[in-house]
Amino acid sequence: MGIGELDREAHVPEGRPKGTAAGPRTLAEALRARGDDGLAALLRARPDLLGPVPNDLTQLATRAGTRASVVRALERLDRFSLQVAEALAVAPDPAPYPVLLDLFTGGREEPETEAALPGAVALLREQALVWGEDDRLRLVRTARELLAPSPQHPSPTGLGPTVAEATAGMSPGRLQEIVAAAGLPSTHDPVSAVAALTGLFTDRERMGALLDTAPPEALAVLDRLVWGPPYGEVTARPTAPVGWLRDRGLLLPVSPRTMVLPREVALHLRGGRAHRAPEPRAPEVGVVRAYRPQVVDSAAAGQAYAAVATVEELLKSWDHGGPAVLRAGGLAVRDLKRTAAALDVPEPVAAFWLELAYGAGLLASDGEADERYAPTPAYDDWLDQPPAERWARLAGAWLKATRTPGLVGGQDAKGRTLSALGPDLDRAAAPEVRHRVLALLATLPPGAAADPETLLARLRWERPTRGTTTARSTSAPAASVPAPGTDAGTTRAETGAAGPWASEAGAARGTGGTSAPRPAADLRERLARWALRDAELLGITGRGALSTAARALLNLPLDAPAGPAAEGGGVEPEVAAERAAELLEPLLPRPVDHVLLQADLTAVAPGPLLRPLADALAVLADVESKGGATVYRFTPGSVRRALDTGRSASDLHAFLAAHARTPVPQPLAYLIDDVARKHGHLRIGAASAYVRCDDDALLGEILADRRSAPLRLRRLAPTVLAAQTDPSSLLDGLRSMGYAPAAESAEGDVMISRAAAHRTPPRTPPAPVPDGPPAPDATLLKAAVHAIRAGDHAATAVRKEPAVPVTTGGLPRTSAAETLATVQAAVMTGSAVWIGYVNAEGAASQRVIAPVRVEGGFVTGYDHTADEVRTYPLHRITGVAELADEEV
């Protein structure tokens, strides 16, 4: 369908407001015609307009049309709404609603598109991207500039410039040649020539007749350009088919080597459609498999308990100080490898647990000169909580964190490797993507696991241009027009000239087209994949389905699918976390208070141990294997570690007898007694360091041992050896030789080493990086709308001109005597006046006030703009004018 047919009058669909001749002339007027609910909806959808609150509706409209704000609004449109904006960018300005509809349907009946289009237009109008009545729809200028085609950046629709735009600057003689070759009568001026060509290309019958005379090779060239990109490179000697198209204006030159397919011709070939494949409906999220909700909750509970245990194990291993902090921040690669090996997980998963603990405020750097990572004091408080509450805290921290562990191991813009716990891991979009992924999972029936690919397709439809603009290349080659003697069907499509908002152009480029890379969309997809993986690791999902506890954490329905736009809300996050913990707690394994001792110097814990028992056993034995049952192994070193804490052999025997369901095996009893017999026989203190022992023969044996040479020992007395090393190194050296020395204090008492851990000073969790301004609440919206209305009233109030109508920056300007006299008269008559005011920071504003008192150089009155009584210094009032209409 041609443009001429699109301009015809058509019936506006039933239920849509009819356009009127007295429609708004500007966006500000359109906003002024809205109710308070309409303004609140705009500010809620585009919170960046509130920073700071606009003085009036004119300023609001100006701010809504700035490039940064329009770009952000376009980024948050779904695919169909973006397609509507793209269609309006290539439609006549203004465009009647029927013209817009025909750009999607081509004049055919398409109920799905016809039903979705009013909602998309309403959304664009609500967000102030489109204004005007249905008979005069206007896309805001900045959005049109972003979405309209240009030689460097074709339109996302794949359409090129109009005939008038493409022929601008063409010589009148050349225009007359094209008009004659197209079979049109000659004209007297370029304007009428362009109008004649436009009329031909938009007339379906005449255009069809012209194309019927075209060579088949010429039609093949048009077929390659019709869905974009519309630009093609020509050789010095174009082929006959290309020459035929060029002579008749079906291809127009934009440079000596580049031709373009005019928009009117492309629309005719497309049947009047702006898009090859409109997508009015969001893709459905598919179900891979459905489980019983109880199975999902059990699987998720197991993962949740494993998550809590893994974080606890990780931080417990760093109790006495973890790895060093890199100079640039973060964890060294070798330390990440060691952590992964200790946790028996892949390195990406180890990075996830590290970032989770860091995001929850349980891990930080200690800030010392030799800076190292260590648990924070909040970790001790976390350990005292029940497992379900600990899980809720971890899950809540993950939901709002902007740090993205999936980036660990990649490179930043400067080619530097991104390290775990290091800088540059924040991605502001991460929390929004996580919440949206979980919300889409919540739309499925309880127990249903989503198909990841359909879920990603849904996310791509909801945010086709998330983040930065599409990567584009201004130097990418256009389509090549065949040289003489070559096949016209070998036209090469452009590979890089995607528009700044190419939501579908890359997918609709015909047989030769390839889309340009889209880094922002790729990041959003990776964030979604990481969210699915992390949710399973954390126990938010079980077997790919959302658990009941996670639904409670997100404040979603527990036993039924949520709505299509499911989002948590309604209760405070703390209340939701408590509810989730209550639902999870019965599904977690119960801690046990006993172990099973075996003759091979091992102990088996048949389940999670009570915390005091687990802590004590972790000192007395080493963990050998983990799983459903944890296996501990007793060694001389582990027994000595327990004795170093101040326990005696009898204490250890009593401890095992009290907590073992089996008798203490004889080998274990012998091991404890043997290590205890040797423990403390040697005493080490600080001289530089010394060794003291009542058995001088044992000291002689140490001196004779070649392994003691690095310790540089010498005998000071029959029972004392001196060492030229520090006490801790001496302890380690003698222990490596097989002895069991004990450290002693300056008073000669044995020093007891507790299992007390190294802790950082109090730290706060890392603050999430905001993804733009926060969404305003109802109170802020109400106050902002009121302030904008009041300011708009002050700006548009009809005023009497002052005797000397001099203005500065739009503010009234009167002398001090005139200002004082006018304000005093207003106090006596009880009338309102319009004033210009400059505050202490130099910011100028205009206000409508009703003065009630003037004294001491100040005027006090009711400020209609601020809706409160205020006092203004008279010397800061630039001028005053009476209102022509007393209604304020």
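Positions are given from 1, in the same order as the sequence printed here. Values below: all heavy atoms of this structure, side chains included; hydrogens, waters and symmetry mates excluded.
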With a 4.5 Å limit on heavy-atom distance, are the side chains of Leu117 and Tyr97 in contact? yes
Step by step, work out the salt bridge (Lys or Arg N to Asp or Glu O under 4.0 Å) result for Glu133 and Arg125. CA-CA 10 Å; Glu133 301 296 336; Arg125 187 183 277 125; 5.6 Å; no
Is Glu110 paired with Arg273 through a side-chain N to carboxylate O contact shorter than 4.0 Å? yes
Backbone of Gly406 reached by a side-chain donor or acceptor of Thr404 within 3.5 Å: no
Between Thr541 (side chain only) and Gly544 (backbone N and O only), is there a donor and an acceptor less than 3.5 Å apart? no
Measuring from atom CG of Leu225 to atom CE of Met259, what distance do you get when rounded to the nearest 0.5 angstrom? 10.0 Å
Distance in Å, Trp131 CH2 paired with Leu124 CG, rounded so as to fall on 0.5 Å steps: 14.5 Å
Which heavy-atom pair separates Thr454 from Gly286 by the least distance, and what is that distance? OG1-N, 2.8 Å
Any donor-acceptor N/O pair, Arg263 side chain to Leu267 backbone, under 3.5 Å: no
Scanning both residues in full, the closest heavy-atom pair of Ala428 with Pro770 reads CB-O, 3.7 Å
Interatomic distance, Leu250 atom CG to Leu219 atom CG [nearest 0.5 angstrom]: 9.5 Å
Of all heavy-atom pairs between Pro431 and Lys400, which one has the smallest distance, and what is that distance? CG-O, 3.7 Å
Does Arg32 use its side chain to pair, donor to acceptor, with the backbone of Leu57 at less than 3.5 Å? no
So with a 6.0 Å cut-off around CG of Asp777, is the heavy-atom count from everything else above 12? yes
Minimum heavy-atom distance Glu114-Arg108, with the two atoms named: OE2-O, 3.8 Å
Those residues at least two apart in sequence (or on a different chain) that pass salt bridge (Lys or Arg N to Asp or Glu O under 4.0 Å) with Arg44 are none
If you apply the rule salt bridge (Lys or Arg N to Asp or Glu O under 4.0 Å), what do you find for Arg463 with Glu432, and how did you get there? CA-CA 11 Å; Arg463 293 286 177 83; Glu432 187 267 336; 3.7 Å; yes
For Gln127 and Ala45, indicate whether the former's side chain and the latter's backbone hold a donor-acceptor pair under 3.5 Å. no
Could you report the tightest heavy-atom contact between Arg46 and Val70, atom names first, then the distance? NH2-N, 3.8 Å
State which residues pass salt bridge (Lys or Arg N to Asp or Glu O under 4.0 Å) with Arg206; sequence neighbours excluded, sorted by chain then number. Asp203
Side-chain donor/acceptor of Thr258 to backbone N/O of Val254, under 3.5 Å: no
Just checking, any donor-acceptor pair under 3.5 angstrom between side chains of Gln83 and Arg79? no
Evaluate Thr198 against Thr162 for side chain to side chain contact (heavy atoms under 4.5 Å, CB included), listing each step before the verdict. CA-CA 8 Å; Thr198 302; Thr162 63; over 6 Å; no
Hey, are Ser69 and Arg63 close enough side-chain-wise for a donor-acceptor pair under 3.5 Å? no
Taking C-beta and beyond as the side chain, do Leu60 and Leu43 meet within less than 4.5 Å on heavy atoms? yes
Find out whether Leu222 and Leu211 are in side-chain contact, i.e. whether some heavy atom of one side chain is under 4.5 Å from a heavy atom of the other. yes
Residue pairs, two or more places apart or on separate chains, that pass ring pair (Phe, Tyr, Trp, His ring centres under 6.0 Å) and touch residues 54-85: Phe80-Phe104
Is any side-chain heavy atom of His268 closer than 4.5 Å to a side-chain heavy atom of Glu264? no
Hey, could you give me the CG/CZ distance between Leu527 and Arg427, rounded to the nearest 0.5 Å? 8.5 Å
Just wondering, do Pro452 and Leu532 contact through their side chains at under 4.5 Å, heavy atoms? yes
Working note: His435 + Leu399, criterion side chain to side chain contact (heavy atoms under 4.5 Å, CB included); need CA distance, chi angles, decisive distance, verdict. CA-CA 7 Å; His435 279 86; Leu399 283 173; 4.0 Å; yes
Might you work through the side chain to side chain contact (heavy atoms under 4.5 Å, CB included) test for Leu251 and Leu261, ending with a clear yes or no? CA-CA 5 Å; Leu251 290 180; Leu261 181 68; 4.2 Å; yes
With distance as the sole test, does Arg67 use its side chain to make a donor-acceptor pair with the main-chain N or O of Thr142 at under 3.5 Å? no
Carefully, step by step, assess Asp78 and Glu279 under the rule side chain to side chain contact (heavy atoms under 4.5 Å, CB included). CA-CA 10 Å; Asp78 61 67; Glu279 299 182 51; over 6 Å; no
Any chance you could measure Asp426, atom CG, to Thr402, atom OG1, to the nearest 0.5 Å? 3.5 Å
Does the side chain of Arg458 reach to within under 4.5 Å of the side chain of Leu455, using non-hydrogen atoms? no
Measuring from Leu440:CG to Glu284:CD, what's the distance to the nearest 0.5 Å? 10.5 Å
Tightest non-hydrogen contact, residues Met207 and Phe201, listed as SD-CD2, 3.6 Å
